[in-house]
2 protein chains.
Amino acid sequence: MELTNVGKVILGSLRATPRSGYEIKQLVDGSTRFFWAASYGQIYPELARLGVQGLVERESAPTGGRRRTVHSLTEAGRRALHDWLVSPEPLTMEVRDEGLLKVFFADTLASDEALAVVRAKRAHHEAVVARLEAVEPYAAAERAGGQAFPPLTLEYGLGLNRWIVAWCADVEERLSAGLPERQPRQERADVPSTR
Amino acid sequence: MELTNVGKVILGSLRATPRSGYEIKQLVDGSTRFFWAASYGQIYPELARLGVQGLVERESAPTGGRRRTVHSLTEAGRRALHDWLVSPEPLTMEVRDEGLLKVFFADTLASDEALAVVRAKRAHHEAVVARLEAVEPYAAAERAGGQAFPPLTLEYGLGLNRWIVAWCADVEERLSAGLPERQPRQERADVPSTR
DNA sequence: GGGCTCATGTAAGTGGTTACATGATTAT
DNA sequence: ATAATCATGTAACCACTTACATGAGCCC
């Protein structure tokens with residue numbers, strides 16, 4: 001009975017705390033989203049399947065008068081999570097990086113356009129860094145509360161994206177140094193302004 | 001008429017050289033696979049669609065007696081490629097990193113198991129580094145031949161994966177320093193050996 | 001002759017996103 | 001009152017992988 005991709009995040013999210021599907025989604029969006037995403041369309045059906053397989057238990061736990069179902073790991077669920085975590089299977093690693101693909105093909109572009117491609121990639125990763133920096137305080141609190149690993153992955157995301165920003169900056173420099181401006185002396189002083 | 005994901009790699013692969021579907025697949029597997037993959041099941045149908053859209057032209061170009069169809073960009077195809085490359089649309093960036101997900105949940109594990117998780121991730125990226133180093137000479141040749149950007153992305157892959165390896169090594173150190181071996185003084189001298 | 005690589009495709013299935021439907025509760 | 005958030009789900013669709021089918025030429 002192989003664990004699905006979504007199954008892995010779900011069991012992991014329930015490792016210490018029973019949660020609702022909604023809360024799992026919140027957690028994923030707020031922390032693992034950058035390296036492992038999940039949508040409602042996957043979470044709810046998978047929670048049902050994990051229930052059938054006996055890996056999670058559901059319990060009604062309304063907040064105020066609002067209906068709410070929290071899920072917690074069964075013993076089998078805890079075992080399945082552990083088995084996956086220690087499994088020596090090769091690790092899934094998939095990337096789809098449009099910015100880098102553009103760089104790959106940038107030799108068809110004029111030098112200023114190629115430069116813009118790299119700048120756009122840098123801007124993207126600078127924005128990611130900013131978003132990660134914004135959640136850093138929460139991670140510090142978590143770390144104080146004994147949870148060391150989630151903050152570690154935040155550190156990872158920050159370091160990695162900063163490395164990418166630096167790489168882009170370096171390439172931008174090399175490009176503007178190596179490739180001279182095209183027609184730097186193209187003033188239009190000869191064309192009279194129409195207004 | 002929006003360009004699909006596969007469409008992007010295909011048009012890019014044809015930017016300078018007409019190629020067969022088979023050759024496109026070879027190229028992708030040998031270079032962009034680490035950040036943008038594509039399978040035959042996508043490439044052939046998409047080549048047909050791009051033909052209908054007038055973005056590529058097909059020409060029979062058998063090698064020896066073996067049938068072969070090469071595709072080249074039409075003017076419209078060249079324009080579509082250029083439009084995509086300079087488009088300011090937000091860049092697709094998707095990652096699915098199972099190693100990091102395991103690290104995220106590693107607080108449920110015993111300290112030696114958590115250490116093993118990080119080591120496994122490091123091993124994975126060390127293998128990637130080795131594979132990329134193996135193709136470095138080809139990239140050097142390409143660079144000499146005027147194509148500067150594909151080798152740049154190889155550099156990127158190398159640098160990034162080396163950074164990850166270093167991060168893992170650092171975390172491993174911190175883990176083995178900060179978390180003492182569990183029961184370091186559990187010698188069984190009191191239990192007489194049965195043989 | 002047998003196995004490998006070149007070469008082109010299709011069919012079935014999987015994994016995932018997006019949009020929608022519904023409804024209660026809380027905050028402004 | 002109404003907008004935002006909490007909460008649970010489903011249906012349609014899209015992207016992608018895997019496996020298969022087919023066949024020719026190449027190398028030993």
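Nothing here was measured: the structure is a model prediction, and the numbers come from that model. Hydrogens, waters and symmetry mates play no part in the numbers below; they use all other heavy atoms, side chains included. Here is the naming used below: chain letters follow the sequence lines, and residue numbers restart at 1 for every chain.
A straight line from CZ of Arg49(B) to C1' of dC16(D) spans 12 Å, rounded to a whole angstrom. Going from atom CD1 of Ile10(B) over to atom P of dA15(D) covers 13 Å, rounded to whole Å. The distance between atom NZ of Lys8(B) and atom C1' of dC16(D), rounded to the nearest whole Å, is 15 Å. Atoms CD (Glu46(A)) and P (dT10(D)) sit 13 Å apart, rounded to a whole Å. In this structure, Lys25(A) atom NZ and dT10(D) atom C1' are separated by 16 Å, rounded to whole Å. Atom CG of Asn5(A) and atom P of dT17(C) are 10 Å apart (whole Å). Here dC6(D) presents its C1' atom at 14 Å from CD1 of Ile43(A), a figure rounded to the nearest Å. The nearest whole Å value for the distance from the CD atom in Glu94(B) to the P atom in dG15(C) is 16 Å.
The rotation axes computed at either terminus of the helix from dG1(C)-dC28(D) to dT28(C)-dA1(D) lie 30° apart, taking five pairs at each end and rounding to 10 degrees.
Applying the side-chain hydrogen bond (donor to acceptor under 3.5 Å, both in side chains) test to every pair with at least one member in residues 71-86 of chain A, sequence neighbours left out, gives these pairs: His82(A)-Glu113(B), Trp84(A)-Glu98(B).
With sequence neighbours left out, Gln26(A) forms a side chain to side chain contact (heavy atoms under 4.5 Å, CB included) with Tyr22(A). Tyr138(B) is linked by a ring pair (Phe, Tyr, Trp, His ring centres under 6.0 Å) to nothing, counting only residues two or more places apart in sequence or in another chain. Every side chain to side chain contact (heavy atoms under 4.5 Å, CB included) that Ala61(B) has, sequence neighbours left out, goes to Arg68(B), Val70(B). Qualifying salt bridge (Lys or Arg N to Asp or Glu O under 4.0 Å) partners for Glu126(B), counting only residues two or more places apart in sequence or in other chains: Arg122(B). Residues satisfying the side chain to side chain contact (heavy atoms under 4.5 Å, CB included) test with Ala38(B), not counting sequence neighbours, are Val6(B), Val28(B), Gln42(B), Ile43(B). Taking Phe34(A) as the reference, Val128(A), Arg131(A), Leu132(A) meet the side chain to side chain contact (heavy atoms under 4.5 Å, CB included) condition, with sequence neighbours excluded.
Looking only at side-chain heavy atoms (C-beta outward), Glu155(A) and Val171(B) stay at 4.5 Å or farther from each other. Using a 4.5 Å cut-off on side-chain heavy atoms (C-beta onward), His124(B) and Lys121(B) make no contact.
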So if I define the base as every atom that isn't primed, P, OP1 or OP2, how would nucleotides 2-11 of chain C read as a B/S/- string at a heavy-atom cutoff under 4.0 Å? ---BBBBBB-

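If Ser39(A) and Gly64(A) are placed on DNA chain C by their nearest nucleotide, the residue sitting closer to the 5' end is Ser39(A).
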